[in-house]
There are 2 protein chains.
Amino acid sequence: MTAANGRAADAARNDTVAAVVRQWQTVHPGLDTGPMEIIGRVNRCAALLQQAEDAPLRRAGLSRPEFDLLGALRRTGHELTPGDLARETFSSGAAVTKRLKQLTERGLVERRGDTRDRRVAHVRLTDAGRELVDGILPEQLAYETAVLSVLAPEARDELATRLGELLARLEGSLGVLRA
Amino acid sequence: MTAANGRAADAARNDTVAAVVRQWQTVHPGLDTGPMEIIGRVNRCAALLQQAEDAPLRRAGLSRPEFDLLGALRRTGHELTPGDLARETFSSGAAVTKRLKQLTERGLVERRGDTRDRRVAHVRLTDAGRELVDGILPEQLAYETAVLSVLAPEARDELATRLGELLARLEGSLGVLRA
DNA sequence: AACAGGTGTTTTACCAGTAAACGATCTGAC
DNA sequence: GTCAGATCGTTTACTGGTAAAACACCTGTT
């Protein structure tokens, strides 16, 4: 084992999840707590990161789900239907309807009806919406970079790769809904 | 690079987050999208895992936050106050109050007032509560093991270690509230 | 003993999400 | 053409969370 791996393993023994796992082991010795060390940590990291991470967004008066929606429109570069947006942001259609209502009122997105199929709507960013996204994104990424700077670059790469592997396999095995 | 690392990197290029990152790169070339590859994946993994993972809990009529609360009581092995439970489960006091109300009605926990300080309550598992937790936990862990079996054992270990490292450092830098 | 300030818990008012029902529209079989 | 069934989006009713206020009680100071 390398010195870097040793330090990583060291740190990993000192998080709250490790403490929880130790408690379970004293109560149910021999229990296979392996999954907790991944799932518990993923959940906890997600919670901590979201809490920390959304600071630059809040300044712009956006929630993360709202930003995700605007971001989907920005990065695809074309109009999307509410259904597309639901798939793209992994949220329910009803949630998208609500968000679109608010974002439309704030003048960040516009909608027009489809000419052929009158059930479907097409949503696009307004100029203000696009400027907002382009203004926030670099700030947001810089902020995230700062938060993640607690890890050494190689640790970041390795983590990103492993998470990507897990995610790709989960999305494969749990059924991908990608359009 | 080893063959295993090659495959991991391969898989990592095929998840939805990688696709999103590629879209951003075409719209904003040169943008440092590094943080997305970790934060985006953590969030998405958390969402997918929670959705999948909670199947055994639902059968028992418990939500994950409810199970976390019962689990905290079980693994510490002694009574906890509502405040302790809030810290232990990383949720707000108000949320704990609501959950306790329901769990008490279902006969899974009991409460008694402190004799000295009448502001504080002490919560403990009933026999039924303890049996429920002990019955569910192995099922839950087995299920989680199955979900995570998409990763090779070494990949799991490495991921757990890296996540632990990140979590430990985040908890350190963002301020730990542990009692 | 009385009170200011702090702490533990609950209550209140509110907000965002979901599942399921719904209305509107399209499509293909007949 | 028309009708059954699918699809798109919204609405409805409800749930569970939060922040802030409220409440009850404790503690140390005077």
Side-chain angles (χ1 to χ4, degrees), chain A residues 43 46-48 50-52 54-55 57-58 61-70 72-73 79-106 109-124 177 179, chain B residues 43-44 46-48 50-52 54-55 57-58 61-70 72-73 79-106 109-124 177-179:
Chain A
N43 286 331
L48 277 179
Q50 268 176 1
Q51 199 185 341
D54 293 347
L57 294 184
R58 288 203 184 282
L62 287 178
S63 69
R64 172 137 286 262
E66 285 168 342
F67 183 72
D68 283 348
L69 194 159
L70 298 177
L73 287 168
E79 293 180 335
L80 294 173
T81 67
D84 291 337
L85 285 167
R87 275 181 293 276
E88 208 62 48
T89 62
F90 307 109
S91 43
S92 71
V96 169
T97 297
K98 284 196 178 179
R99 273 175 227 146
L100 283 177
K101 195 171 155 198
Q102 297 195 68
L103 294 172
T104 306
E105 282 166 7
R106 287 194 246 167
V109 302
E110 287 172 339
R111 45 196 313 163
R112 66 172 183 83
D114 188 292
T115 41
R116 304 192 170 268
D117 186 340
R118 278 177 301 177
R119 286 170 307 179
V120 335
H122 295 271
V123 181
R124 63 165 168 267
L177 324 172
Chain B
N43 285 331
R44 183 90 183 101
L48 277 180
Q50 269 176 359
Q51 200 185 341
D54 293 348
L57 294 184
R58 288 203 184 282
L62 287 178
S63 69
R64 172 138 285 264
E66 286 168 341
F67 182 72
D68 283 348
L69 195 159
L70 297 177
L73 288 168
E79 293 179 335
L80 294 172
T81 69
D84 292 337
L85 285 167
R87 275 181 292 276
E88 207 62 49
T89 62
F90 307 109
S91 43
S92 71
V96 168
T97 297
K98 285 195 177 180
R99 273 175 228 146
L100 284 177
K101 195 171 154 199
Q102 298 195 66
L103 294 172
T104 305
E105 282 166 7
R106 288 194 245 165
V109 303
E110 288 172 339
R111 46 196 313 161
R112 65 172 183 84
D114 187 293
T115 41
R116 304 194 171 268
D117 187 340
R118 276 177 303 177
R119 286 170 306 180
V120 336
H122 295 271
V123 181
R124 64 164 168 268
L177 325 172
R178 318 254 310 133

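Computed from a predicted model, the values in this text were never measured in an experiment. So that the names make sense, note that chain A is the first sequence line, chain B the second, and so on, each numbered from 1.
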Taking the side chain as every heavy atom from C-beta outward, state whether A:Val123 and A:Thr104 have any pair of such atoms under 4.5 Å apart. no
Look at all strands and tell whether B:Arg111 reaches a base, only sugar-phosphate, or nothing, counting heavy atoms closer than 4.0 Å. sugar-phosphate
Looking at every non-hydrogen atom in both residues, tell me the closest pair between A:Asn43 and B:Ala46 and how far apart they are. OD1-CB, 3.8 Å
B:Leu80 CG to C:dG8 P, straight-line distance once rounded to whole Å: 14 Å
Measure from CG on B:Leu100 to P on C:dG8 and round the result to the nearest Å. 16 Å
Distance check needed: C:dA16 P versus A:Leu62 CG, whole Å only. 12 Å
Base contacts versus sugar-phosphate-only contacts with protein, heavy atoms under 4.0 Å: please encode nucleotides 13-18 of chain D as B, S and - from 5' to 3'. ---SBB
Any residue in residues 114-122 of chain A with a heavy atom nearer than 4.0 angstrom to DNA chain C? Just list them by number, or reply none. A:Arg116, A:Asp117, A:Arg118, A:Arg119
When the distance from CZ of B:Arg58 to C1' of C:dA19 is rounded to whole Å, what number comes out? 11 Å
If you measure from CZ on A:Arg99 to CG on A:Asp68, what distance do you get to the nearest 0.5 Å? 8.0 Å
Could you tell me the separation between the CD atom of B:Gln51 and the C1' atom of C:dA19, rounded to a whole number of Å? 14 Å
If I take atom CZ in residue A:Arg87 and atom P in nucleotide D:dT7, what distance separates them, rounded to the nearest angstrom? 11 Å
Basic-acidic side-chain contact under 4.0 Å: A:Arg124, A:Glu79: yes
Closest non-hydrogen contact found for B:Gly61 with B:Arg106 is O-NH1, 2.9 Å
Between B:His122 and B:Thr81, is there a side-chain heavy-atom distance shorter than 4.5 Å? yes
Can you establish whether the number of heavy atoms outside B:Arg112 located under 6.0 Å from its atom CZ is more than 12? yes
More than 12 heavy atoms from other groups under 6.0 Å of CD on A:Gln50: yes
